[in-house]
Amino acid sequence: ILKWTAAVHGPSRALTTIHSFEPNKLAYSQLSSFVEKLRPRYAASATVTLHGVAVSDTTGSATLYSATKRPGMEKQRTAWATLNKKGNVLGTVETVTLDDFVKQNIDASTLPLNFLKIDTEGHDANVLKGCEGLLAAANVELIVFEFGSNWGANGKYLRDAVALLAKHGYASFLLGS
């Protein structure tokens with residue numbers, strides 16, 4: 001979380017507020033410990049708040065599935081989880097759209113959001129759909145999301161995300177291979 005934000009902001013720009021979302025209880029516990037360990041290092045320049053909910057295209061609840069390809073790993077704290085309908089069921093989790101989250105938790109005077117990083121194991125296009133209000137108002141400056149073969153399991157494709165972003169004036173670039 002902090003490394004990505006620092007990379008975007010660079011050394012000359014003070015870090016401000018970071019919101020991180022992790023619906024997998026085991027991964028949330030590990031992430032929370034990591035953030036607490038690093039908090040003294042970043043306390044003067046960043047406030048990190050963790051949220052134990054899934055970001056999606058709807059606010060409500062959804063089933064969380066294990067996205068790991070190795071049997072038995074879903075019990076590990078580092079197990080990947082997804083809202084895509086594949087893998088073993090991990091449980092039901094609360095979901096929120098970024099549009100709703102921002103309306104309820106972010107002071108409008110602090111917009112736009114400087115940086116939005118999405119890595120939801122194939123659910124990234126849904127997260128983008130859930131922040132369409134922010135996109136339409138140009139309230140996100142930079143977006144980075146992961147694209148992989150697991151998008152198809154959710155019935156979403158890279159072209160869907162690119163089209164949504166283009167509709168709101170955003171340019172898309174492919175990084176890596």
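Position 1 is the first residue of the sequence, and the numbers go up from there. The basis for the numbers below is simple: all heavy atoms, side chains too, and nothing from hydrogens, waters or symmetry mates.
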Ion pair E146/K117, N-O distance below 4.0 Å: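 Salt bridge flag = no for K117 with E146.
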Run the side chain to side chain contact (heavy atoms under 4.5 Å, CB included) test on V89 and Y65 for me, step by step, so that the C-alpha distance in whole Å, both residues' side-chain angles and the decisive distance to 0.1 Å come before the verdict. CA-CA 4 Å; V89 172; Y65 298 85; 3.7 Å; yes
Given 3.5 Å as the limit, does a donor-acceptor pair link the side chain of [X] with the main chain of [Y], or not?
X	Y	answer
S29	L26	no
D160	Y157	yes
T95	G60	yes
D99	G133	yes
Y170	V140	yes

I would like to know whether T49 and F21 meet side chain to side chain contact (heavy atoms under 4.5 Å, CB included); could you show each step before the answer? CA-CA 9 Å; T49 306; F21 301 85; over 6 Å; no
Applying the side chain to side chain contact (heavy atoms under 4.5 Å, CB included) criterion to L116, which one of L135, L98, N139, V127 satisfies it?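 Between L116 and the candidates, side chain to side chain contact (heavy atoms under 4.5 Å, CB included) is satisfied uniquely by L98.
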Name the residue from T58, V102, N105, V53 that meets the side chain to side chain contact (heavy atoms under 4.5 Å, CB included) definition with V96. V53
Any chance the side chains of S56 and H123 put a donor and an acceptor closer than 3.5 Å?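 There is such a pair (donor and acceptor under 3.5 Å, judged by atom type) between the side chains of S56 and H123.
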Less than 6.0 Å separating the ring centroids of F101 and H19? yes
Residue pair G130 / T97: nearest heavy atoms and the distance that separates them: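 So the two residues come closest at O-CB, 3.2 Å.
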